[in-house]
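Some notes on the structure that comes next.
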Amino acid sequence: MAAYDLVVRNARIVTETGQTEGDIAVKDGVFVAVGGEVAGRGAREIDAGGRFALPGGVDSHCHIEQKSSMGVMCADDFYSGTVSAAFGGTTTIIPFAAQHRGMSLREVVKEYHAAAGPKAIIDYGFHLIVSDPTEHVLGQELPALIRDGYTSFKIYMTYDALKLSDYQILDVLALARREGALVMVHAENHDMIKWLAHHLVEQGYGAPKFHAVAHARVAEAEATHRAIALARLVDAPMLIVHMSEIEAIETVRQAQAKGLRIYAETCPQYVMLTADDLDKPGVEGAMWCCSPPPRDAAAQAAVWEALKDGTFQVFSSDHAPYQFNVGGKIPKGDKTTFKEMANGVPGVELRLPVLFSEGVQKGRITMQQFVALSATNHARLYGLYPQKGTIAVGSDADFAIWDADREVTVRWADLHDNVGYTPYEGRQLRGWPVTVVSRGRVIVEDGKLAAERGSGRFLACASPDSAKPRGEAVPELKGMSRFAAKPLF
Ligand code: URP
Ligand code: ZN
Ligand code: ZN
């Protein structure tokens, strides 16, 4: 009888702290041996042939089966979204359960569970989107939901149907501090964007490329500064999501240097795309429209610098899958102005290949940083570490075997989402996850899926201060020690 369920032989096993050579053994869905030679046999044996075994990715910012504030439904449901994630080496996602105004948050969470449970093939938690922080939501629903494992929520400083006032943001931050939750902020100045968009469209500049003009750099810089000031006032932790802009990044860096508990995220679109990509005939550029928009080469360089120096803790996809049709990106067909376009680009499958190829292969970040940015720090930030985000004895056996030399030309036809295009069509990447394992189950192998619908499990997230390293000396997530050490209210 086999001693283990799965044994992977001859791998280069990478964690955020280092690299070890050897075998991996899995039993009952968790790692039971990591590194060295595993003597017993596995019911399933895989020869990694010296390739890398990396922790399964944790994507803590993606929109799946979610209705946008403009009422547009995502093209990916919890099946296609999680299949696509898995093919890209991601084994955990944390999408959003999105409240629209007037809705009960508890009801929203129930609806997302009903959608995800029968379909997801990898494990998932939920953030909340809070667009209506009523007394009932703040006083009852949120505290109870935080206790039930929904420990992070996104708020918006822009979008008519989602934006909170500074006063409301302070209410949410104070509650997050008191209850041990993390507030994620979409930081763009609403009135600056609205004013610019109004005047641009009025003068006939409604094409997609003007989206990047309306979503001005200073709108991101100002809102980031203001968000941090609000967090500072009530001494609450905050994550600024999908950052793209030089001055805003510098503001985060300075806040962190002052000891504020400010965390930050960026995404593939800000290292791979620029505003020039939006400049296409007709409304085609809509396929590259996201908020904040991609900027220029100097901003890309600043984003890489912030990935390298630890200003950014997480690299997420912000997968926002809208098809290029009237039910999706362009509600008025070729008459759609940038103001009416659905915002967001797909990227859940390419997130890790992009970071690996553009980051590790080009010497911009190390393998350890890749692991931290793609998996470990996400797990830490949402209280899932060490169950998720690492390869260590006792952790869930979520990992991918990577062929670092595989050359891939990106074609949407080879991806597994339901979007119909990719903004990275034709790009060359080097390095690909060839075998993907979730809780010991080989779910992707030789380009084929081997996972049942609904086999993913819900993960209740914890407050980050409950995430403690087990046994080994793990360096603190930059700034996390302050987060952990300081009692919340
Ligand atoms: O343009 C974007 N990022 N759309 C997705 C929704 C969001 O704001 O994250
Ligand atoms: Zn956002
Ligand atoms: Zn998003």
Side-chain angles (χ1 to χ4, degrees), residues 59-76 81 85 93-100 112 126-131 152-164 169 172 182-190 193 197 208 211-212 214-216 219-220 223-224 227 238-245 248 263-273 275 277-278 285-295 303 314-324 328-331 336 338-348 351 378 382 417 419 423:
D59 189 348
S60 60
H61 186 159
C62 50
H63 303 269
I64 309 283
E65 215 167 325
Q66 183 189 323
K67 206 179 244 181
S68 81
S69 63
M70 299 204 286
V72 182
M73 192 63 190
C74 284
D76 281 315
I93 56 166
I94 313 180
F96 298 89
Q99 179 199 38
H100 296 289
Y112 277 83
F126 285 116
H127 313 286
L128 308 172
I129 285 177
V130 179
S131 65
S152 44
F153 21 94
K154 183 172 175 188
I155 58 170
Y156 288 78
M157 298 172 86
T158 187
Y159 297 129
D160 282 314
L162 295 172
K163 94 177 264 295
L164 303 190
I169 293 174
V172 172
L182 181 66
V183 178
M184 310 160 75
V185 180
H186 179 132
E188 287 187 288
N189 180 304
H190 183 68
I193 294 166
H211 172 83
H215 287 252
E220 184 177 343
T224 301
M238 173 183 278
L239 171 76
I240 313 283
V241 295
H242 49 47
M243 293 197 69
S244 73
E245 200 278 324
Y263 306 97
E265 171 201 84
T266 195
C267 315
Q269 48 271 38
Y270 305 119
V271 296
M272 287 290 272
L273 306 177
D277 287 302
L278 279 62
M287 288 185 271
W288 285 263
C289 274
C290 56
S291 298
R295 311 276 182 194
V303 169
V314 282
F315 187 81
S316 310
S317 68
D318 192 9
H319 182 70
Y322 299 111
Q323 291 180 348
F324 188 65
K329 271 276 177 195
I330 45 169
T336 309
F338 71 83
K339 269 170 68 172
E340 295 138 348
M341 283 167 194
N343 278 326
V345 292
V348 75
R351 175 181 73 112
H378 301 252
Y382 301 106
D417 62 59
V419 181

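Values in this document were obtained by computation on a predicted structure and should not be read as measured data. In listed order, ligands and their atoms are each counted from 1.
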Test item: side-chain donor near acceptor, Glu188 and His190, under 3.5 Å: no

Side chains of Tyr159 and Asn343 only: does a donor on one sit below 3.5 Å from an acceptor on the other? yes

About how large, to 10 degrees, is the angle NE2 of His63, then the Zn ion (ligand 3), then NE2 of His61? 110°

To check your reading of the model: name the closest protein heavy atom to atom 9 (O) of ligand 1, its residue, and the distance in Å. Lys154 NZ, 2.7 Å

So if I count the atoms of ligand 1 from 1 in the order they appear, which ones are less than 4.0 Å from some heavy atom of Cys290? 1 (O)

Using distance alone, with no hydrogens and no angle criterion, decide if Asp59 and His378 have a side-chain donor and acceptor under 3.5 Å apart. no

Measuring to the Zn ion (ligand 2), does Val241 have an N/O/S atom at a distance below 2.8 Å? no

Checking contacts here: is it the side chain or the backbone of Ser291 that comes within 4.0 Å of ligand 1, counting heavy atoms only? Could be both or neither. both

Give me the nearest non-hydrogen protein atom to atom 4 (N) of ligand 1 as residue plus atom name, then the distance to 0.1 Å. Asn343 O, 3.1 Å

Aromatic ring pairing His242/His186, orientation class (parallel under 30°, perpendicular over 60°, tilted between): perpendicular

Nearest protein heavy atom with distance in Å, relative to atom 3 (N) of ligand 1: Asp318 OD2, 2.7 Å

Give me the ring orientation class for His61 and His63: parallel if the planes are under 30° apart, tilted from 30 to 60°, perpendicular past 60°. perpendicular

Atoms of ligand 1 close to His61 [distance to a heavy atom under 4.0 angstrom, numbered from 1]: 9 (O)

Run the numbers for me: atoms of ligand 1, each under 4.0 Å from some heavy atom of Tyr156, listed by number. 7 (C), 8 (O)

Between Ala320 and ligand 1, does any nitrogen or oxygen pair lie at a separation below 3.5 Å? no

Opening angle at the Zn ion (ligand 2) [NZ, Lys154; NE2, His242; to 10 degrees]: 110°

Ligand 1 atoms nearer than 4.0 angstrom to some heavy atom of Gly344 are 1 (O), 2 (C), 4 (N)

For His186, the ligand 1 atoms with a heavy-atom partner under 4.0 Å come out as 8 (O)

State, yes or no, whether a side-chain contact exists between Pro331 and Tyr322 at a heavy-atom distance under 4.5 Å. no

Ion pair check, Arg295 and Glu220, cut-off under 4.0 Å: yes

Of all N/O/S atoms in Asp318, which lies nearest to the Zn ion (ligand 3)? OD1

